[in-house]
K.L.:
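A single structure is presented below for examination.
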Amino acid sequence: MARGKLNSKLLYRYIVSYSIVLLLPVLIIGLVAYNFFIQLLEREVTKSNMNALTQVRDAVDVNMTELNNIAFHIAGNTNLTPYNVTKSPFAELNTIAQLRNYVSANQFIDQLLLYFHGHDTLYTPYSTYDVHTFTDKIVGYDKWSPPSFVRDLQTATYPYMRGAEDVTSFSGIRERIVTYVMPLPPNHPTPYGTVVFQLKESAFQSLLEKKFGDDPGDTFILNEKNELIVSTHGFPAEDAKRLAEAGYGVPAADQAKTVRLHDRDYFVYDVRSERLGWTYVSLVDQEAVLHNVKLAQRRTLYAISVVFVLGGVLIFFATQLSYKPIRRLQRFAESKAKREFDGLGEIESIQSALSLMSDSNEELNRNISSSRPAMKHYTLLTLLRGRLPDQAELNRRLELAHMRLTKPYHLVAVLQFPRSFAVQPSARSTLLDDLEASFPDGAEAYGMESVEGASLIFILGTDDPGGVEHKRLLIDAHRTLSDKWQTGLTIGAGTAYGPWSELGKSYIEACGAADYRLIAGYGQVLFFSDIVPKTELPHEDYSKGDWNQLRLYMYQGDAGRIEQYLEAMIGTIRERQLPLFLVKCMCFDLIHVILSMLSELRWADGALAEQYPDVWSLSEFETVEELIALVKHISEDICRIVAERKESGNTDLASKMMAYLSEHYGSSQLSLQQVADEFGMSASYLSRYFKDQTGQTVSQYIQTLRMEKAKELLRAGADSLQEVVERIGYGSVSGFIRKFKETEGVTPGEFRTMHQK
């Protein structure tokens with residue numbers, strides 16, 4: 001019962017914790033998104049209204065400027081002076097025609113009135129009227145009486161605009177008219193007349209509505225005295241005056257102002273015309289603007305609620321599912337610990353069980369640590385033998401042995417003791433520790449005993465195969481060990497190679513260098529590269545190109561040519577009387593060719609492969625003939641495998657292809673597509689077929705032919721290097737030199753020099 005309560009508490013803690021984890025980000029994201037949306041909407045509304053107000057201001061400024069220009073033109077028109085206009089009835093007709101021209105050129109004007117001080121006649125583009133009866137019978141202003149109208153025309157000394165007001169025409173039609181009064185001449189202290197422009201309020205409203213559309217609120221224009229001129233929805237003049245007195249006639253900043261009118265909140269946007277001194281104001285109903293925001297807010301809250309409810313349900317079931325493994329883990333841990341931890345929670349029970357098992361496994365860990373040297377010896381031995389596992393298995397072994405081999409190149413060195421230096425079996429592990437400790441921290445150097453136990457072997461990593469780094473490390477280690485053990489030691493070092501499969505060859509070279517102590521003397525570090533310079537190596541008969549030729553014979557299953565090749569190899573060894581360690585290196589490369597062939601063929605017969613010699617068993621052969629006999633036997637196996645795995649097809653076709661390539665390899669234009677066109681097949685099929693039949697790609701086979709021809713020409717010595725490159729169809733001299741050195745191990749010049757010697 002207690003256990004059940006504890007379980008429930010843990011389960012509920014999980015549910016509450018996960019609910020908080022769900023709720024917090026949902027709320028934070030929702031609030032942030034909501035606030036961002038509000039700010040974005042306000043910025044967009046502000047930007048839209050300010051742009052629209054600016055466009056309205058510019059349009060009105062243009063139209064009002066045209067009215068001022070008309071007034072200036074009338075003042076400057078000699079036909080429209082008081083004398084010329086009133087001198088005859090014909091002159092009056094001309095005046096009407098002149099005024100009609102001004103009106104017809106401007107769609108903004110509804111009516112134009114021209115009046116001269118001291119006269120009784122009022123001129124329009126269509127007729128003349130008595131000034132005293134014009135506003136009484138022709139056009140009647142509700143708030144501008146005829147006497148006031150006449151008085152204002154006679155006394156006007158500066159331009160002013162009357163706001164929109166109701167006007168009744170002689171036909172009884174009522175319209176709202178905006179009147180613009182302009183003295184003649186404009187800006188003159190003693191004007192002689194007045195021009196009156198009657199503008200329909202609808203013209204202004206049309207301009208405003210064109211820019212603002214059906215936006216909620218109102219848009220209006222205030223004159224330089226903050227008096228209402230026109231509005232889109234009949235905005236009260238008193239409210240406009242109150243807004244102006246409250247400071248909303250000042251141009252707004254980037255953010256909107258707010259005002260409360262008639263129990264409603266509005267955003268206020270305004271721009272000012274520097275030319276006219278007028279202010280253009282837009283009121284936007286906040287409730288209408290924020291309607292979509294509030295709708296989005298409600299939907300966001302609904303979505304958050306739904307997400308939280310559904311998330312809570314999922315959390316409940318998911319927590320139960322997640323909790324079951326904890327209970328099973330608790331029971332499993334208690335069963336392994338063979339003890340129940342009553343009174344503890346699940347986590348505490350698991351911790352106690354693990355602690356108990358950890359204590360019981362310490363002895364096992366100590367046993368594993370004691371076996372680490374054996375794993376290290378086994379791993380190094382595997383690397384030297386060249387029988388490498390896959391990369392994952394190799395990494396696992398290196399990790400178990402606490403070894404780190406990350407350098408791109410590695411070499412093998414052999415440490416030989418003098419006969420007078422007796423090594424007790426119990427002291428050998430100490431010697432290995434001293435050997436590895438003689439290298440600085442970070443150096444990858446790992447040692448092991450030789451199979452016979454008469455020397456120490458160690459692998460050393462390096463970044464530069466031909467540099468001085470590893471030489472300096474070996475010389476420093478030799479000095480340290482000689483001083484510590486008080487004896488003359490000899491270290492023989494092989495060549496640094498990149499592939500792991502070449503470590504066995506480096507070991508053979510190291511043994512040969514160590515044996516050279518009989519000539520050079522004891523107590524030195526002997527490097528294979530110093531003992532056997534490149535110029536003394538048998539490159540003419542011992543090169544990568546030759547091994548590639550042997551691989552080609554094996555892949556073709558040509559047992560006769562394989563036997564001829566091996567017989568020629570024996571003849572070369574006997575004829576040139578090569579040193580023993582070079583013969584071993586040649587045999588190692590020969591075995592490496594065979595093992596790589598088996599790997600390429602994916603031969604699964606591991607038991608038979610184990611019978612083939614490796615770097616350790618090379619010393620067991622008393623004569624080269626014994627090794628060659630074994631290689632012939634292995635070659636027969638490989639030929640058999642190749643014959644079984646080749647496609648059933650016309651093998652003569654492969655021979656024809658090789659003959660064609662042998663004839664045309666000297667052309668720099670030779671390509672895979674050209675060969676495919678010659679034999680009437682696609683390039684991809686020809687490539688697969690040729691690889692299956694020969695073990696090489698078309699480009700590799702052409703490369704082999706070109707390198708063999710190049711060696712033949714270099715041996716002859718008659719042609720220059722440029723001529724050799726042209727005869728074998730190579731593109732450039734530099735590319736040929738680089739490829740030749742990569743294939744043969746020496747430059748073309750070094751190859752020619754060695755042959756001439």
K.L.:
Could you give the distance from CE (M403) to CG (L380), rounded to the nearest 0.5 Å?
P.N.:
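Nearest 0.5 Å value for the CE-CG distance: 4.0 Å.
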K.L.:
Let me see the working for T179 and Q198 under side chain to side chain donor-acceptor pair (under 3.5 Å), right down to the final yes or no.
P.N.:
CA-CA 5 Å; T179 306; Q198 291 183 330; 5.1 Å; no
K.L.:
Could you go through R57 and S273, starting from their C-alpha distance and side-chain angles, then the distance that decides it, and tell me whether this counts as side chain to side chain donor-acceptor pair (under 3.5 Å)?
P.N.:
CA-CA 6 Å; R57 178 197 65 188; S273 171; 5.6 Å; no
K.L.:
Applying side-chain hydrogen bond (donor to acceptor under 3.5 Å, both in side chains), can you list everything that pairs with R162, at least two apart in sequence or on another chain?
P.N.:
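Once residues adjacent in sequence are excluded, the partners of R162 under the side-chain hydrogen bond (donor to acceptor under 3.5 Å, both in side chains) criterion are E165.
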K.L.:
Just by distance, do the side chain of R176 and the backbone of A164 share a donor-acceptor pair under 3.5 Å?
P.N.:
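Flag set: sc R176 to bb A164 pair under 3.5 Å.
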K.L.:
Mind checking the CZ-OG spacing from F204 to S231? Nearest 0.5 Å is all I need.
P.N.:
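Those atoms lie 12.0 Å apart.
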K.L.:
I'd like to check the side-chain hydrogen bond (donor to acceptor under 3.5 Å, both in side chains) partners of T379; sequence neighbours left out, ordered by chain and number.
P.N.:
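With sequence neighbours excluded, T379 shows a side-chain hydrogen bond (donor to acceptor under 3.5 Å, both in side chains) to no residue whatsoever.
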K.L.:
How far does CG of D142 sit from CZ of R174, to the nearest 0.5 angstrom?
P.N.:
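D142 CG to R174 CZ: 4.0 Å, rounded to 0.5 Å.
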K.L.:
Determine, step by step, whether V196 and L112 satisfy the side-chain contact (heavy atoms from CB on, under 4.5 Å) criterion, reporting the C-alpha distance in whole Å, the side-chain angles of both residues, the deciding distance to 0.1 Å, and the verdict.
P.N.:
CA-CA 6 Å; V196 179; L112 185 150; over 6 Å; no
K.L.:
Is it the case that the side chain of S687 and the backbone of A683 share a donor-acceptor pair, with hydrogens and angles ignored and the cut-off at 3.5 Å?
P.N.:
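No, because the side chain of S687 does not come within donor-acceptor range (under 3.5 Å) of the backbone of A683.
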K.L.:
Let me confirm one number: the CG-CG distance from D270 to L222, rounded to the nearest 0.5 Å.
P.N.:
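Reported value, rounded in 0.5 Å steps: 9.0 Å.
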K.L.:
Mind checking the CG-CG spacing from L686 to L672? Nearest 0.5 Å is all I need.
P.N.:
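Spacing of CG (L686) from CG (L672) equals 6.0 Å.
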K.L.:
For the residue pair Y141 and T168, establish whether any side-chain heavy-atom pair is separated by less than 4.5 Å.
P.N.:
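In short, these two side chains do not touch, never coming nearer than 4.5 Å.
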K.L.:
Ion pair present between D166 and K143, side-chain N to carboxylate O less than 4.0 angstrom?
P.N.:
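Salt bridge between D166 and K143, a charged N being under 4.0 Å from a carboxylate O: no.
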K.L.:
Tell me, please, which residues at least two apart from N68 pass side-chain hydrogen bond (donor to acceptor under 3.5 Å, both in side chains).
P.N.:
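Scan of N68 (side-chain hydrogen bond (donor to acceptor under 3.5 Å, both in side chains), adjacent residues dropped) gives Y180.
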K.L.:
Is the backbone N or O of D61 less than 3.5 Å from a side-chain atom of T65, with the two atoms forming a donor-acceptor pair by type?
P.N.:
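Yes; at least one donor-acceptor contact below 3.5 Å.
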K.L.:
State, with a plain yes or no, whether a side-chain heavy atom of E469 is found less than 4.5 Å away from one of D463.
P.N.:
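Yes. Closest side-chain heavy atoms under 4.5 Å.
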K.L.:
Are T219 and L283 packed together at the side-chain level, in the sense that at least one heavy-atom pair is separated by less than 4.5 angstrom?
P.N.:
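Answer no - side chains too far apart.
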K.L.:
Please check if the number of heavy atoms outside E399 that lie under 6.0 Å from its CD is greater than 12.
P.N.:
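Counting other residues, nucleotides and ligands, CD of E399 stays at 12 neighbours or fewer.
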K.L.:
Parallel, tilted or perpendicular: which describes the rings of Y280 and W278, with under 30° parallel and over 60° perpendicular?
P.N.:
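Y280 and W278: tilted rings.
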K.L.:
Atom CG in L405, atom CD in E444: separation rounded to 0.5 Å?
P.N.:
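Answer for the CG-CD pair, L405 versus E444, is 5.5 Å.
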K.L.:
Do M161 and V178 have side chains that approach each other closer than 4.5 Å (heavy atoms only, starting at C-beta)?
P.N.:
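Yes, their side chains come closer than 4.5 Å.
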